Structures are given as structure tokens and as C-alpha cells.
Amino acid sequence: MKKILDLITDEMVAAFEKAGYDKKYARVTLSNRPDLCEYQCNGAMAAAKEYKKAPIMIANEVTGQLLGNPMFETAEAVNPGFLNLKLSTEFLAGYLGEMEADEERLGCEKTKHPRTIMIDYGGPNVAKPLHVGHLRSAIIGESIKRIGKFVGHHMIGDVHLGDWGLQMGLIITELKLRKPKLVYFDENYEGEYPLEPPFTISELEEIYPTASAKSKEDESYKESAMQATFELQNGRKGYQALLKHILEVSVSDLKKNYENLNVSFELWKGESDAQPYIPDMVQKMKDEGYAYISEGALVVDVKEETDTKEIPPCMILKSDGASLYNTTDLATIVWRMKDYHPDEIIYVVDKRQELYFTQVFRCARKTHLVEEDTKLTFLGFGTMNGKDGKPFKTREGGVMRLETLLSSIHEEMYQKIADNRTVEEEQARETAKVVALSAVKYGDLSNQASKDYIFDIERFTSFEGNTGPYILYTIVRIKSILSKYREAGLDAKDAKILQAHSESEKALMLEIAKFNSVMENAFEETAPHKVCAYIYDLANALNHFYHETKIMAESDGKIQASYIRLLQLTKHVLEICIDVLGFQAPDRM
Ligand code: ARG
């Protein structure tokens with residue numbers, strides 16, 4: 001279905017041409033003065049220069065061509081030459097009728113050029129608990145993936161586990177100290193390694209911080225951990241088997257955590273999966289003359305003439321031959337290209353890694369790991385701060401674990417729900433979980449990703465204002481009217497949306513009609529916050545309409561049924577939108 005803006009532009013193009021002006025002036029936009037009009041065209045002002053005529057004259061000639069056009073309630077030329085447009089509610093009702101008929105997509109067409117897009121998000125580090133920094137990547141990445149899917153692209157999410165660094169060596173070292181008799185440490189062992197991991201997730205989560213603390217105080221402990229990391233990376237069998245166990249235990253725990261966040265990945269690959277691709281990649285970079293030794297390390301220059309700030313070379317191998325974060329990221333691009341041939345790879349990572357990704361992308365391009373038209377996109381997100389404006393911490397000043405944060409929000413939400421209503425405890429708990437997720441996700445996504453934001457539990461969990469719970473509350477309100485209507489034995493199945501009967505109803509219709517263009521735009525700009533801003537406006541329009549209209553008391557059955565259809569459509573739009581944001585609405589609140 002065409003976007004409403006395009007339909008209006010089509011009419012405007014015809015009007016400009018009939019009046020004898022070039023169609024390039026016929027561009028229509030949403031009004032920036034909603035008090036005066038709904039859509040506007042400023043083309044007469046620009047055309048005035050070319051045609052050497054007063055803009056208002058041109059505008060008048062164009063509106064002359066729009067007289068009697070059923071799309072418009074009014075099309076006015078206003079000094080000095082604005083074209084102010086108001087849509088007829090008949091046209092709007094027809095447009096919404098078409099949206100309704102397209103039950104699954106509500107008039108948002110699938111793209112004609114589907115692309116394969118890999119999205120690298122989540123980025124948890126194995127054996128380290130998830131902390132709030134990982135929350136943003138998960139929430140934003142998941143939403144971008146869902147928006148892309150909805151628009152019709154082939155989206156592949158990859159969690160890209162951090163499973164190849166020093167943390168692995170630390171765990172191995174500590175484990176060796178505790179259980180030196182395990183076969184994994186016997187270099188002469190030839191048999192099969194046990195299937196059962198030698199630790200549980202809670203042990204693992206305790207082992208890592210212990211080891212990490214020890215390594216900070218004890219130089220020789222750190223040496224051992226580095227040695228273990230080196231041996232692991234060079235294929236020591238017992239350590240590889242341990243890595244497999246660490247991964248298994250860690251991944252099943254991570255999956256649970258992500259599931260609670262309604263986040264899921266197509267691929268559970270990690271840095272370690274890039275390992276087999278490193279030797280050939282490095283060799284090629286050397287053979288083709290891109291990589292050279294500088295101060296012992298192997299590097300590729302990535303600075304460009306137009307740089308205004310210093311972009312250091314991309315380091316490929318350390319002087320001891322060890323691979324780095326860069327190396328795994330580059331080799332990951334190699335297998336991604338080989339196995340999936342993506343048109344684009346989007347990285348949803350903390351914006352403090354921007355320079356790093358500039359180096360990686362330039363290096364990948366220069367050494368031809370990707371094709372010329374493969375897009376590499378860095379979507380850097382800002383920091384989630386506490387109310388004091390500083391990075392979110394526990395009361396004691398430690399790193400806040402994601403689980404701790406989420407459970408405090410559940411609790412806050414549960415209190416609110418339990419205070420207000422008389423529902424069973426169990427149901428209140430369930431509802432609290434669903435609503436809490438909306439609070440966290442909407443609180444995050446409603447900000448432009450690149451900006452820092454303040455995580456304010458009180459504000460995010462409020463049922464009023466620009467919050468997730470407010471959106472859910474609006475959906476629940478609609479559900480409740482719809483069920484009252486049904487309980488009264490009524491049915492709007494054969495009804496249709498009629499012309500608006502009030503300003504507030506028309507305002508609601510205008511908001512609904514923007515749905516397809518919002519979705520497309522949110523995808524093009526990788527901007528879930530645009531979906532949030534839209535549903536906030538839509539929810540406001542709905543609530544305004546609800547307060548001004550006696551829906552259940554309406555005596556004209558046709559009008560009442562038309563209201564009901566409008567509510568259903570609003571609910572449907574809201575539901576699709578919150579689904580792409582990654583949360584759902586309960587039946588009651
Ligand atoms: N594990 C990393 C971290 O915690 C994030 C990974 C981001 N993705 C990537 N391809 N480097 O900082």
C-alpha cells in the first residue's frame with residue numbers, strides 16, 4: 001500500500017504540472033504547524049525563483065487545480081506562498097479501511113529489494129555475568145533486527161560471545177589450582193574427555209571474579225593465566241575441552257537470561273569460532289603487502305588522507321604472535337562473508353568502541369575481506385547512567401548485574417500493580433513481569449541509541465507520560481472496551497470505519513495512517529526511537545479520543561461499530577509496534 005505522503009504528493013505533482021510548473025516543486029511534508037494544517041508543501045516558494053513570479057500566485061494556481069479533489073478537505077494558499085493541506089476524512093477512512101484489510105501488515109509493504117543483514121549484538125563475555133552495559137546492546141539490537149524483518153529483510157542476529165580472551169586463561173588457571181587432578185590438565189592424556197562439565201554455573205561465576213582479583217595482586221598468577229590463554233589459543237587439547245565446557249555451561253545460562261528479556265539470536269557464534277580463519281587471513285594480508293611488522297607487531301595501516309584525527313594502524317598480531325580482539329573481529333568477517341554473504345553487517349556496540357571499529361572496517365575493506373558494496377555499519381550506543389548522571393552502579397559502587405537490576409524493576413512494578421488493584425498475587429506477579437520489561441525496553445529505546453541516558457526506575461515504571469507502561473495501559477484500555485462491546489452482544493465484524501465525527505477522532509485517524517512510513521523510516525535510519533515516538537503520539541491520540549467520545553453510550557449502531565473498528569485498528573498498530581520493540585501487552589493491568 002502506498003504511503004499516505006506519497007499519495008498526497010502524487011496529487012500535488014499533478015496539480016503543479018497542470019498549473020504549468022515543474023513537478024520537482026511538489027514535495028509534500030508533514031505539517032510543522034499542526035494547528036494550521038496536517039500536511040504542507042513549500043514548493044511554490046522555491047518555484048518563485050525559477051518562474052520569476054510571486055510565490056502566492058503560484059500557490060493559488062496550484063490550489064486552483066485541487067478544487068473538488070476528494071482527497072482534501074481544504075487546500076489553501078497562504079501568504080507568502082505556503083500550501084496548507086487538510087485531508088478529507090472520507091479519504092482517510094478509505095485509507096484506514098485498506099490498512100485493516102491487509103491484516104498482517106496493515107499496509108506496510110515488504111521491501112522490493114530484500115537484503116541479507118547480519119547484526120552483531122549482545123556481545124556477552126563468557127563466564128562473566130551480564131551487566132547493564134550488555135543490556136543496551138541486547139535491547140537495541142533485537143529491536144533493529146525485528147524492524148528489519150518486518151520491513152522484509154533477511155536479518156541474522158549473531159551474539160558474538162566474548163570467549164577468547166584472558167578470562168578463559170584465568171578460569172583455567174584457577175580451576176587447575178583447585179582441581180589439579182582433572183584430566184584436562186594432564187598433557188599426556190590421550191582418551192576422551194568427560195561429557196559432564198567439572199563445574200556448575202554458580203561455581204563458574206565465582207571462579208572468574210576470584211581469579212580476576214588474584215591476577216591483579218599476584219604477578220605470577222597473571223603470568224600463568226596468560227600462558228594458559230596462549231596454550232588454549234594454540235590448540236592445547238585439554239584446554240580446548242575445558243573451553244567447550246565453559247561455553248556450554250555459560251551459554252545455557254545466557255540463553256535463559258536473554259529469554260527473560262525476550263531476546264533471541266539466530267547464531268550463537270563467538271570470538272573462538274573465528275580462530276580457524278586467522279592463519280590464512282594473516283598470510284593473505286602479508287602476501288598482498290598490506291600487513292607489515294612495526295615494533296614487533298604485525299599491523300595494517302588504515303589512516304586516510306582526509307582524516308582530521310589520528311587513526312592508528314590496525315594491529316593484527318602481537319609481537320608474541322598472539323591474536324587480539326581485532327584479529328577475531330576481522331576473521332569473523334571472513335566466515336560471515338563465506339557462509340552468509342551479507343549485504344551489510346551492523347554492529348550494536350558501546351560507542352566507546354567507535355575508533356576501534358573504524359580501524360576494523362577500514363582494514364577489512366583495504367584487505368578485501370568484504371566486497372566493495374558490503375556495508376559495514378557501527379551503531380554505537382551511549383552509556384546508561386544512574387540518577388546521579390554517572391554510569392549505573394550498585395549501592396556499594398560495584399558493577400550492577402543485569403539480574404539484580406531486572407528484579408528490582410519487577411519488584412517496583414509489582415508493588416504498583418498490587419497497590420492499585422485487587423488481583424491474585426500470582427497474576428499480579430506475571431503482569432508485573434510483562435510490564436516491567438516494557439518499562440526497561442521502552443525506557444531505553446525511546447532515547448536515540450547514541451545518546452547517554454538516565455535510568456530512572458520511578459519514571460520508567462510510571463503509568464503516565466512517555467513510558468512503556470503507559471503504552472501498555474492504552475492497549476489494555478482498548479482491550480477492555482472491546483470486551484465490553486462483545487459482552488453487550490454486539491459485533492463490528494461487518495462494519496467499516498466511517499468519516500470522523502470529531503476533531504479527536506480525525507487526529508487519531510491521521511496518526512494511524514502514518515504507520516507504514518514510520519516503520520520504513522525507522523528501518524532506514526536504524527532508529528527504534530522513531531517507533532517509540534510514534535506510538536506515544538498514537539497512544540495520546542487514542543486516549544484523547546476516548547475521553548471525548550461516548551463509545552459505549554453511542555446510540556447509532558453504525559457509528560459505534562465504526563468507533564470499535566477504529567479502536568481495533570489502533571490496537572493492532574500498537575501491538576505490531578511493541579512487538580518490533582521487543583515486548584508485549586498483558587490482558588489486564
Ligand atoms: N564482548 C564485547 C564487550 O563486552 C562486545 C563485543 C562486540 N562485538 C564485536 N564484534 N566486537 O565489550
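Counting starts at 1 for both ligands and their atoms, following the listed order. None of the values given here were measured: they were computed from a predicted structure.
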Under 3.5 Å side-chain donor-acceptor pair for E344 and T377: yes

Side-chain donor-acceptor pair under 3.5 Å between T461 and K416, yes or no?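 T461 vs K416: donor-acceptor pair found between side chains.
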
Tell me which one of G123, G122, A274 gets a heavy atom nearest to atom 3 (C) of ligand 1.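 That would be G123.
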
Where on N125 is there a heavy atom closer than 4.0 Å to ligand 1, on the side chain, on the backbone, on both, or on neither? side chain

Would you mind telling me if ligand 1 is within reach of the side chain of D329, the backbone, both or neither, using heavy atoms under 4.0 Å? side chain

To the nearest 0.1 Å, how far is atom 6 (C) of ligand 1 from its closest protein heavy atom, and which atom is that?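 Its nearest protein heavy-atom neighbour is Y325 OH, 3.4 Å.
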
Closest non-hydrogen protein atom to atom 8 (N) of ligand 1, residue and atom name please, with distance? D120 OD1, 3.2 Å

Worked check of salt bridge (charged side-chain N to carboxylate O under 4.0 Å, His left out) between E231 and K176: CA-CA 14 Å; E231 288 179 36; K176 191 170 176 181; over 6 Å; no

In ligand 1, which numbered atoms sit nearer than 4.0 Å to a non-hydrogen atom of [X]?
X    : result
V349 : 7 (C), 8 (N)
H134 : 4 (O)
Q353 : 12 (O)
F357 : 9 (C), 11 (N)
Y347 : 10 (N)

State whether the shortest distance between N or O atoms of E271 and N or O atoms of ligand 1 falls below 3.5 angstrom. no

Between Y189 and Y184, is the gap from one ring center to the other below 6.0 Å?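 No, ring centres 6.0 Å or more apart.
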
For this output row, return yes or no: ring centroids of Y193 and H245 closer than 6.0 angstrom.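 No.
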
Under the side-chain contact (heavy atoms from CB on, under 4.5 Å) test, which residues partner N385, sequence neighbours left out? T383, P391, D452

side-chain contact (heavy atoms from CB on, under 4.5 Å) filter on R365, not counting sequence neighbours, yields V370, L376

Quick check on ring pair (Phe, Tyr, Trp, His ring centres under 6.0 Å): which of Y356, F361, F378 does Y347 satisfy it with?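 Considering Y356, F361, F378, a ring pair (Phe, Tyr, Trp, His ring centres under 6.0 Å) with Y347 is found only for F361.
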
